[in-house]
Protein chains: 2
Amino acid sequence: MLQWDAVHIIVADCSAQYSGRLQASLPSARRVLLIKADQSVLIFSELGSYKPLNWMAAPCTIKEIAPDETDRTDRTDPAPVRVLRVAADKSDDILEIEIYRIFSDETFDLGIDPGLSKDGVEDHLQHYLAKQIERIGSGARLVSREYPTPIGPVDIMAVDAEGNHVAIEIKRHGGIDGVEQLTRYCKLLNRDPLISPVRGIFAAQTITAQARTLAQDRGFECLILDYEDMKGTDDGSLRLF
Amino acid sequence: MLQWDAVHIIVADCSAQYSGRLQASLPSARRVLLIKADQSVLIFSELGSYKPLNWMAAPCTIKEIAPDETDRTDRTDPAPVRVLRVAADKSDDILEIEIYRIFSDETFDLGIDPGLSKDGVEDHLQHYLAKQIERIGSGARLVSREYPTPIGPVDIMAVDAEGNHVAIEIKRHGGIDGVEQLTRYCKLLNRDPLISPVRGIFAAQTITAQARTLAQDRGFECLILDYEDMKGTDDGSLRLF
DNA sequence: AGGTGTAGTTAGCGA
DNA sequence: TCGCTAAGTACACCT
């Protein structure tokens, strides 16, 4: 039987049906089933990337039911040897797995996992650009990172050499949505006579052509961020050509 | 050794380091390693949902290296018994896994997977609303689904009883981004004197309060779609109260 | 708990 | 291939 303080690894010929936000059916084939201690279930095959073909996320409850209690009347597969009905606790999502032949069934207690520590995403770009704010123009000064507005924080707020406010939206990869975000911020900030006029800068490691066009149409500048270059300049001494 | 026409399932104490778009380090703990035939690697623990703690997507190449050839100088863990260096083929992403103790190491040939068939997503909402276009107002007529524009297809284009064009953006769950999308379409369509003025309708099964406010501020109507009701009316005979 | 924004997003479709 | 959009997105953060 299944045991709930451990992970189960099952290799079997199986089919699966998911019913919830959508219907998804998986014909019979040889697959890897991973059943975690929280009763979440993942079904893998050689297909796809890290995403399972089908799954049920925790919190959920697994019930092993008798093979002849299944709902399916359109039976074409041979009779399953085991049937698992996995039901989500907080919705009526159901994943039903029919197992026809088991090649391996192992159980392991993995214990506590210390978890993953990440380092170096958009936050780093923001960090470096804040420290090297003259990348937006000589004489620029930093006002603040995560400058608060009623509709969310502006990534970087600065003042240029002429004393104009500059709102900077930073993305790793700049798309249209980022330009829209910057537009909302600038529109709102420009209503405030104390800081208007506000220049907008769209800064990213890469910017799509469409986003660049949209940004320029909205009167924003685009700034390509070279992560390695910024990292190399991290002592604070900005190369001024 | 590892064999590349099959899936490997390894349960082991291991640590891992990913270096690529970000750095991510995983301290030593007992985990499940799934190595697929395409050499992609997934590392699972009890943590998280269906997403692995760490992984390398195909195409990539696994190289088993001698434990003393590792780069790491800040060694605090005991010497690993095996070290796998997984390098992405098309970038310099690297996932390095150090294995300290192996509890299970199995290999299976899963064969071809017929894949998943899905049924019932946003596409279905679009399908039903197109067939039941009078849900947006009595006398409305369908122009087309996926009405093409230079900035992407409008989900549904229709004409109302007064002969005005109506652009409909459909979402399963309506958020601010959907309203922005509809805004872009309407703005562009209204530049065309042949179809201007264009009404905008934001249609979704659920709409967030913020999105509803924004939509109304932009002059759009909001339409809540009842999937079950639409499905039940699928014979084409629309209930007209 | 719900909304918003990011993701080593992934996946799918169309130009 | 590039670009855009949806995803049973997951996940973190904030209100």
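All values derive from a computational prediction rather than experimental measurement.
Here B/Asp38 pairs with B/Lys36, B/Ser40, B/Ala58 under the side chain to side chain contact (heavy atoms under 4.5 Å, CB included) rule; sequence neighbours left out. Applying the side-chain hydrogen bond (donor to acceptor under 3.5 Å, both in side chains) criterion to A/Ser49, with sequence neighbours excluded, gives no partner residue. Partners of A/Arg199 by salt bridge (charged side-chain N to carboxylate O under 4.0 Å, His left out), not counting sequence neighbours, listed by chain and number: A/Asp160, A/Glu221. Legend: residues meeting side-chain hydrogen bond (donor to acceptor under 3.5 Å, both in side chains) with B/Thr213, ordered by chain and number and at least two apart, are absent. In this structure A/Tyr18 satisfies the side-chain hydrogen bond (donor to acceptor under 3.5 Å, both in side chains) test together with A/Asp93, sequence neighbours excluded. With sequence neighbours left out, B/Ala12 forms a side chain to side chain contact (heavy atoms under 4.5 Å, CB included) with B/Ile10, B/Ile99, B/Ile102. Qualifying side-chain hydrogen bond (donor to acceptor under 3.5 Å, both in side chains) partners for B/Asp113, counting only residues two or more places apart in sequence or in other chains: A/Arg31, A/Ser45. Under the side chain to side chain contact (heavy atoms under 4.5 Å, CB included) criterion, B/Ala37 pairs with A/Glu46, sequence neighbours left out. Partners of A/Asp92 by side chain to side chain contact (heavy atoms under 4.5 Å, CB included), not counting sequence neighbours: none found.
Within the nucleic acid shown, B/Ala57 comes within 4.0 Å of at least one base atom, counting heavy atoms only.
Going from atom CG of B/Asn54 over to atom P of C/dG8 covers 10 Å, rounded to whole Å. Atom NZ of B/Lys36 and atom C1' of C/dT10 are 12 Å apart (whole Å). Rounded to a whole Å, the CD atom of B/Glu146 is 12 Å from the C1' atom of C/dG12. Rounded to an integer number of Å, the gap from CG of B/Leu182 to P of D/dA6 is 12 Å. Atom CG in B/Asp93 sits roughly 11 Å away from atom P in C/dG8 (whole-Å rounding). B/His124 has its NE2 atom 14 Å from the C1' atom of D/dG8, to the nearest Å. Distance CE (A/Met56) to C1' (D/dA10): 16 Å, rounded to an integer number of Å. We find that NZ of A/Lys51 is positioned 5 Å from P of D/dG8, with the value rounded to whole Å.
Between A/Glu64 and A/Arg85, no side-chain nitrogen of the basic residue sits less than 4.0 Å from a carboxylate oxygen of the acidic one, so the salt-bridge criterion is not met. Contact check on A/Arg212 versus A/Asp217 returns no salt bridge, with no Lys/Arg side-chain nitrogen under 4.0 Å from an Asp/Glu carboxylate oxygen. Between A/Glu180 and A/Arg218 there is a salt bridge, since at least one side-chain N of the basic residue sits less than 4.0 Å from a carboxylate O of the acidic one.
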Give me, pair by pair, the N or O atoms of the protein and of nucleotides 2-5 of chain D that are less than 3.5 Å apart, along with how far apart they are.
residue : atom : partner  : partner atom : Å
D/dG3   : O3'  : A/Gln210 : OE1          : 3.2
D/dG3   : O3'  : A/Gln210 : NE2          : 3.1
D/dC4   : OP1  : A/Gln210 : OE1          : 2.9
D/dT5   : OP1  : B/Tyr185 : OH           : 3.3

Which atoms of nucleotides 12-15 of chain D (N or O only) lie under 3.5 Å from a protein N or O atom, and what are those distances?
none

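If A/Asp155 and A/Lys90 are placed on DNA chain C by their nearest nucleotide, the residue sitting closer to the 5' end is A/Lys90.
Contacts between residues 41-50 of chain A and DNA chain C, defined by a heavy-atom separation below 4.0 Å, involve A/Gly48, A/Ser49, A/Tyr50, listed by number.
Taking the C1' atom of each, C/dA7 and D/dA6 are spaced 15 Å apart, rounded to whole Å.
An OP1 or OP2 oxygen of C/dG8 is reached within less than 4.0 angstrom by a side-chain nitrogen or oxygen of A/Lys118.
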